[in-house]
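Structure first, commentary second.
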Amino acid sequence: MSNREIGPHTRGTSLFVGDLPDPPGMLHAAVLASTVPHARIVRLDTTPAAEVGGVACVLTAADIPGENQIGGMVQDEPLLAEGEVHFVGQPIAVTVADTPHRAREAARAIVVEYDELAGIFDPRQAAAAGSLIVPSRTFSSGNVDDSWASCKVVVEGRAESGGQEHLYLETQAALVVPQEGRRLRILSSTQAPTAVQRIVARVLGLSMNDLEVDVARLGGAFGGKEDQATPWAAIAALAASILHRPVRIALTRGEDNRMTGKRHPYSSDFKIGLDAEGRILAYEATYYQNAGAAADLSPAILERSLFHATGSYFIPNVRVTAVSCRTNLPPFTAFRGFGAPQAMFVIESAITRAAEIMGIDRRQIQHRNLLAEGDLFPYGQQAQQGNAHRAFDDVFQRFDVAALERDAAEHNRTHALSKRGIAMMPVCFGISFTSTFLNQAAALVHVYTDGSVSVSTGAIEMGQGVNAKILNVAAHALGIDPGRITIETTNTLRVANTSPTAASSGADMNGGATEIACRSIIERLRKVAAEVLDTTADRITVRGDRLMVDDEGCDVTWEQLVSEAYLRRANLSAQAHFATPKIHFDRETEKGEPFSYHVYGSAVVEATVDCLRGTYTIDRVGIVHDAGRSLNPLVDMGQLEGGLVQGIGWMTVEELLFADGHNLTDTLSTYKIPDILSAPKIEGHFLENADNPNAVMRSKAIGEPPLMYGIGAYFALLDAMRAFRPDREAFFNAPMTPERVLMFLHGDRQQATEEDIAEAAAVVQR
Ligand code: MOS
């Protein structure tokens with residue numbers, strides 16, 4: 001990263017919403033949320049709250065001047081509950097007071113009486129009851145039904161994967177400051193400033209041009225602030241507009257964990273058929289997505305599950321169906337990978353089960369079926385690069401996987417109570433929003449008369465380093481030192497109609513727009529230089545802060561060139577728009593070319609299980625990852641390592657538990673994430689001679705794909721456990737917590753039943 005990015009971060013002077021100085025007269029908002037999963041509200045008495053000292057107002061749905069509706073894809077989510085509540089944690093009323101403490105005290109004083117209704121928490125039960133968010137969708141290719149007969153082996157099974165708490169360091173927060181007239185300035189910790197602008201306008205009955213949304217940077221998001229930052233901004237805006245005073249809301253960790261959505265839990269059925277050589281001939285799966293009580297982004301997430309159903313493999317006959325199930329849990333939402341990790345866990349489970357039945361190594365099945373250049377995905381797009389094979393083979397050789405497997409076998413032979421497992425995990429991830437219209441971005445670049453440069457885009461910096469990447473793009477396109485450039489806050493007055501910074505596409509698209517804007521400024525500067533030097537523009541370039549003629553440096557500096565351009569009244573600002581070329585998708589036929597390109601890679605994961613205690617370590621992970629020509633190798637390595645560890649957490653210790661709709665894991669003492677001590681030794685490499693004609697400076701996106709290497713941890717553990725209990729069948733129920741390991745190794749059942757979990761939950765609740 002550049003010093004401009006690193007400096008404030010390492011000194012702790014980067015500004016988040018909570019660090020901004022309090023504007024004069026600022027008040028604090030708190031939320032009263034439902035304590036039951038499904039009920040009619042029979043009484044709501046806010047008068048005791050209004051009597052708490054320091055309280056400025058108490059707001060309910062009746063105080064909303066516009067529409068009480070924050071749904072984006074489906075309009076099914078009120079900002080504040082009206083008449084009914086549908087999940088524990090659903091906002092019902094807002095209290096505003098002079099301190100956060102008094103605002104919360106007031107919220108607690110509100111009297112609510114519920115007439116409780118039956119809740120549905122299980123996605124399969126919801127599907128059986130017809131409780132769906134949107135109609136189910138099916139992708140198919142070839143002819144699955146006719147294929148089973150030609151298979152040597154056909155296996156069926158079930159795979160479960162749990163939810164995942166984002167646990168961004170900065171909780172959901174917004175600060176709204178009323179300006180002149182109706183104008184509100186909204187400082188929001190959001191990945192989607194335009195969504196905040198659109199929804200706040202809808203809730204307040206205003207126009208989008210009444211609102212300015214400004215985002216400096218987020219303390220993490222991981223998808224959790226793509227849709228779910230919006231309600232908090234809307235709540236603060238509602239209070240600020242009614243009171244004509246600045247209002248801040250910042251959730252506590254517990255509130256955030258209880259009230260906001262997480263990664264979707266999935267329950268899936270699979271059927272896979274292979275020939276005698278281990279070639280996969282047919283694959284069928286049904287995904288029951290637990291969507292929670294409102295649509296949020298679930299339909300889009302479900303779509304990505306279908307796109308990634310076959311993982312890194314070519315399968316000629318496929319039929320996969322995804323069902324988005326409405327339940328009485330918080331609306332589950334975007335989380336790094338966006339439905340793809342869930343689908344990849346299912347195909348890896350199917351392959352593992354098939355390998356077990358066939359008595360062959362799962363790695364052989366993986367290798368035999370890897371995508372090759374020209375292979376068709378079930379949605380009709382062709383794989384463009386042979387990088388799935390290159391990365392897999394590179395991992396195999398670089399980390400001597402054959403030797404690792406031999407060593408593990410030797411370890412397992414010589415240790416009675418310690419067993420080791422090795423798993424390969426290939427990843428293939430499509431880059432572009434699957435909703436084609438979202439694949440656009442814009443940039444606004446100003447060159448000031450002293451030669452310094454300011455770049456605004458629609459990208460949100462959330463710790464992923466997108467600002468550092470855009471800085472590299474601008475410096476390269478302008479031919480000047482990055483130290484001359486600042487990347488500005490993301491602001492809807494400077495860059496309008498932004499797509500969320502999501503789908504791993506932030507740097508690709510906003511970097512693309514930045515490059516176009518910088519080039520148009522450079523074009524104008526070259527014309528000026530040609531006039532000054534009495535030559536032609538095609539001979540002029542800018543490099544290393546200097547003017548070059550025929551690639552030879554001349555004595556004109558960047559500052560002199562800019563100053564001369566200004567005096568000659570050239571335009572030193574440029575706005576540019578980027579739209580990802582070529583992509584299209586037809587939702588009638590479920591075919592098209594939805595992705596600009598794919599990211600590939602492979603990992604090998606080594607894990608050791610203590611077979612007395614059920615505890616384990618993920619010892620080492622070796623990765624070869626395709627980053628194209630990396631825009632910033634340090635940033636990309638950080639994303640590679642962070643994504644991997646987050647994926648390992650999802651697959652191993654992060655167990656999100658609900659009992660009757662109550663989140664039992666809403667604290668850091670009950671929800672465990674991997675810490676530095678449990679992180680494996682990571683050896684990451686970028687695929688050599690990687691290239692990408694389809695993104696800015698031939699780079700590739702990196703945000704989401706590395707998370708899915710973490711799926712290998714589940715299968716490495718399973719491998720080790722099966723070395724201890726070869727008599728037991730593999731099971732696919734993530735996360736693989738130490739409790740599940742112990743149950744498999746020593747329990748009289750191989751995994752906990754729903755009754756066991758309910759019993760354990762009851763203990764936690766008491
Ligand atoms: Mo990301 S999970 O596409 O916000």
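For ligands, and for the atoms within them, numbers begin at 1 and follow the listed sequence. The basis for the numbers below is simple: all heavy atoms, side chains too, and nothing from hydrogens, waters or symmetry mates. Positions are given from 1, in the same order as the sequence printed here.
In summary, the side chains of His577 and Gln440 do present a donor paired with an acceptor at a separation below 3.5 Å, with no hydrogens or angles considered.
For Arg124 and Asp269, the salt-bridge test passes: some basic side-chain N is under 4.0 Å from an acidic carboxylate O.
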Start with the C-alpha distance between Arg494 and Glu488, add both sets of side-chain angles, then the distance that settles salt bridge (charged side-chain N to carboxylate O under 4.0 Å, His left out), and finish with yes or no. CA-CA 10 Å; Arg494 270 180 269 117; Glu488 306 299 335; 5.4 Å; no

Derivation and outcome, side chain to side chain donor-acceptor pair (under 3.5 Å), residues Asp227 and Thr333: CA-CA 7 Å; Asp227 232 29; Thr333 192; 5.6 Å; no

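Between Phe585 and Tyr379, the two ring planes are perpendicular [angle over 60°; tilted spans 30° to 60°]. Using a 30° and 60° split on the angle between ring planes, Phe332 and His264 fall in the tilted class, from 30° to 60°.
Protein neighbours of ligand 1 below 4.0 Å, counting non-hydrogen atoms: Gln191, Gly223, Glu226, Ala334, Phe335, Arg336, Phe338, Ala502, Ala503, Glu704.
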